[in-house]
Every structure is written in structure tokens, then in C-alpha cells.
Amino acid sequence: MPELPEVETIRLKLKPLVIGKKIKEINILVPKQFIGQKGLIINKTITDIQRSGKLFNIVFNNQQFLNIHLKLTGQLLFAKNINHPVYKNEIPLAKSKIMPGRTTRIIIYFSDGSGLFFNDLRKFGWMKISNIPERPQGIDVLSPNFTFQYFTSLTNSTNKSIKLLLMDQEKIAGIGNIYANDSLFLAKIHPQRPAKTLTAKEINNLYLGIKKIINQGIKDQGSSGADEAFILPDGKKGNHQKHFLVYQKEDQPCPNCKALIKRLKQGGRSSFYCPKCQNL
DNA sequence: CTGCGGTCCTGAAGGC
DNA sequence: TGCCTTCAGGACCGCA
């Protein structure tokens, strides 16, 4: 689900809440979503939370890592008192898909009585214990290594469509369907353009567009779509969905020229674009 | 290399 | 009411 801005928002919120906490127990409700030996981090203390692309690395004081991918619908929710009756199944609140309850897959208990719910409606996400911080191969959009030169070398070296290149985590880490669509709109580039055909000016516009839209997403504390799949560790929503440019705007007027936004499929995903503003 | 469709899952929404 | 199709912030795999 979440892309870089959502994952980063969760990281920033969660970090001060869980640094210094010691793991008391981990309750794994869906075994396929937890990989590795939980015993390796029981009684160990969290020293940091890092992020690379869409992956979290929770760092422990014994050189172990809890690596987490939320995929489409994963959530990490912090509870001050995780044994509070409100979190038990029979309370009406627990029926909501956005609160701990129906979609909870893993529960982490800390030694001070607080804890963490890993909710995931579609069960695609995972947690993995490892002695290394798992990271995507591509360069993170917020990394100083994500330079204009690097981005130019990527676009010039492939015949792939630019949209699929932006979403290729082995090349660029962190961009998903929302921010790919809106970056291309900002740069006035059609999603089906072969990457190699971009002009130097277009590459520059797109590079700046990516940075602008990703940073805007972080400022807005991420995007919470209509289905409310994304929420912060405290249960609150992000605001970036109010600022979507073309994403999920099929048949609505382009913010620039009022032409109707169109939709097409690429790699099984929807691409949204303005047929007038974005050059093929 | 590139793209496409199926796969892992669950649920909401819309057409008939 | 019910049934069927499509769609959803991701990513992998095998096949053309």
C-alpha cells in the first residue's frame, strides 16, 4: 500500500514511540506473514527505525533487524495499553477495518504494557527477522545518491515506459502508483513514453517533479484513500489524497487545461493522465 | 530486454 | 436480494 511518503510518515511517528522499548512477546496470527525466529528479538530493545524505499528496518540492540513490508494494505498501529478491553474482538470498535481487530495479523507486546498491531487486510505484507537490514536494490528518492546524473543515466539506458521505470524498485526505491502518476503529470510526460525518448529538459522536469511530489506527500503525512487503508500509528489519516493531481481522477477535468483525465493499464496497474498536457 | 497476465488475499462498489 | 465483474498505495514469476 504505502509508498515512500506513507512509509516515512509512519517511521517518523513510530520512532519516538518505540525507541527504547523491549519486546516481551510476539503473537503471530498469520504465520506466513512472519518470517524467521521471533526468539531472536524477544527481550531485546529497539534502538532505531530506518527506512529504505518502502521497507522498514527496526534495529535491535543485538544486531538483529525486524524488516517490514506493508505492501498494499499493511498498517502499524501503536497502542499505549495493548491489553485495554477496547482492543478485544467483541467491542464494536474492533469491527472497524482500520482499528486493531478484524485485520490484525501480528501483535507485538512491549515490556511496559504498550504494543504494536500489524494489520493487513489482504495479507500481502510481511515481517522478517534478519541479521541484516533488508533494502531495495534501487536508490531511495530521498537519498543524496539520487542525483540528476543518476536519474539521467537510468532514463537513457532503457526502452521501458517511463511509468514502469519510475515504479521499478530495483532502479528507484519508493515511488508507487500514486506518486508515479502525479510526477508524470507535473512533468507533462505521457506514462507510455519510452524512457529513452525523454529530452534533457523533460528528464529535468521529471526529476524535479518527483522530488516535489514526494516531499509534498510527506508534508501531507501521506495519502489515505477512500478505503482508508493508510492510517498513521495513532489511527489518524494523511491528507495528501486532497492534493492528487490526476491519480484516481478519470473523467474529471485536468487541473491545468480542463480536458478530461484518461486512464489506461500498464503492468496491470491504472495509469491516469491528461491527454492534452502529457506528451506521448 | 519488454510487457503481459496470473498469483498471493480480502472486500467494496457497480451493473444487471 | 443476489450474482458477476472490476478494482485497490506491491511485487514476483513464467511466458511470449
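The structure displayed is predicted, hence computed values, not measured ones.
- In this structure, CD of A/E250 is placed 14 Å from C1' of B/dG14, rounded to the nearest angstrom.
- The two residues A/K163 and A/S270 make their nearest non-hydrogen contact at NZ-O, 3.5 Å.
- The listed nucleotides are C/dG10, B/dG3, C/dA8; the one nearest the side chain of A/K160 is B/dG3.
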For residues 15-28 of chain A, dump all side-chain donor-acceptor pairs below 3.5 Å to protein atoms at least two apart in sequence or in another chain.
unit_1, atom_1, unit_2, atom_2, d
A/K15, NZ, A/D48, OD1, 3.1
A/K21, NZ, A/D112, OD2, 2.7
A/E25, OE1, A/K38, NZ, 3.2

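- Between A/K276 and A/C254 there is no side-chain heavy-atom pair separated by less than 4.5 Å.
- Straight-line distance from the CG atom of A/L166 to the P atom of B/dG3: 13 Å, rounded to whole Å.
- Spacing of C1' atoms, B/dC8 relative to C/dC3, comes out at 25 Å, to the nearest Å.
- C/dG10 adopts an anti glycosidic conformation, its chi angle falling more than 90° from 0.
- Here A/G267 lies in heavy-atom contact (under 4.0 Å) with sugar-phosphate atoms only.
- Using a 4.0 Å cut-off, no side-chain N or O of A/H69 falls inside it from OP1 or OP2 of C/dG10.
- Distance check on atom P: B/dC4 versus C/dC7 gives 15 Å, rounded to whole Å.
- Ring-plane geometry between A/Y207 and A/F148 is classed as perpendicular, the angle between the planes exceeding 60 degrees on a 0 to 90 degree scale with a lower cut at 30.
- Taking each heavy atom of A/L14 and A/F78 in turn, the nearest pair found is CD1-CB, 4.2 Å.
- In this entry the distance linking CD of A/Q33 with P of C/dG10 reads 17 Å, nearest Å.
- For A/Q169, whose side chain is taken as the heavy atoms from C-beta onward, the closest listed nucleotide among C/dG10, C/dA8, C/dA11 is C/dA11.
- Atom name P, nucleotides B/dC9 and C/dC4: the rounded distance is 22 Å, in whole Å.
- Regarding A/K171, its NZ atom lies at a distance of 14 Å from the P atom of C/dA11, rounded to whole Å.
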Output field dot_bracket for DNA chain B (Watson-Crick or G-U, both distances under 3.5 Å, | for other-strand pairs) contains .|||||||.|||||||
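- Phosphate proximity of B/dT2 to A/N159: absent, as no side-chain N or O sits under 4.0 Å from OP1 or OP2.
- Heavy-atom minimum distance, A/E3 versus A/Y179: OE1-CD1, 2.7 Å.
- Taking only distance into account, the side chain of A/R269 never meets the base of C/dA8 through a donor-acceptor pair shorter than 3.5 Å.
- Rounded to whole Å, atom P of B/dT7 lies 12 Å from atom CZ of A/F124.
- Taken to the nearest 0.5 Å, the CG atom of A/N57 stands 9.0 Å off from the CG atom of A/L66.
- Proximity note for A/K54 (side chain, C-beta onward) versus C/dA11, B/dT2, B/dT10: the nearest is C/dA11.
- A/R135 and A/Q50 form a side-chain donor-acceptor contact under 3.5 Å, judged by distance and modelled atom types alone.
- A/Y179 comes within 4.0 angstrom of nothing in the nucleic acid, heavy atoms only.
- Within the structure, every side-chain polar atom (N or O) of A/R105 is placed at least 4.0 Å from both OP1 and OP2 of B/dC9.
- Of all the heavy atoms in A/T73 and A/L121, the pair that sits closest is OG1-N, 3.4 Å.
- For the pair A/I10 CD1 and C/dG9 C1', the computed distance is 11 Å after rounding to whole Å.
- Residue A/R263 places its side chain closer to C/dC7 than to any other of B/dT2, C/dC7, C/dA11.
- What separates CD of A/Q266 from C1' of C/dG9 is a distance of 17 Å, to the nearest Å.
- When each of A/E170 and A/F272 is assigned the nucleotide of DNA chain C with its nearest heavy atom, A/F272 is the one assigned upstream, toward the 5' end.
- For A/K265, counting side-chain heavy atoms from C-beta on, the closest listed nucleotide (B/dT2, B/dG3, C/dC7) is C/dC7.
- Between the C1' atoms of C/dG10 and B/dC1, the separation comes to 22 Å (whole Å).
- Comparing the P positions of B/dT10 and C/dT1 gives an interatomic distance of 24 Å, to the nearest angstrom.
- Taking the nucleotide of DNA chain B with the nearest heavy atom to each of A/T158 and A/K32, the more 5' of the two is matched to A/T158.
- Taking only side-chain nitrogens and oxygens, A/S270 comes nearer than 4.0 Å to OP1 or OP2 of C/dA8.
- Between the CZ atom of A/F244 and the C1' atom of C/dA8 there is a distance of 12 Å, rounded to whole Å.
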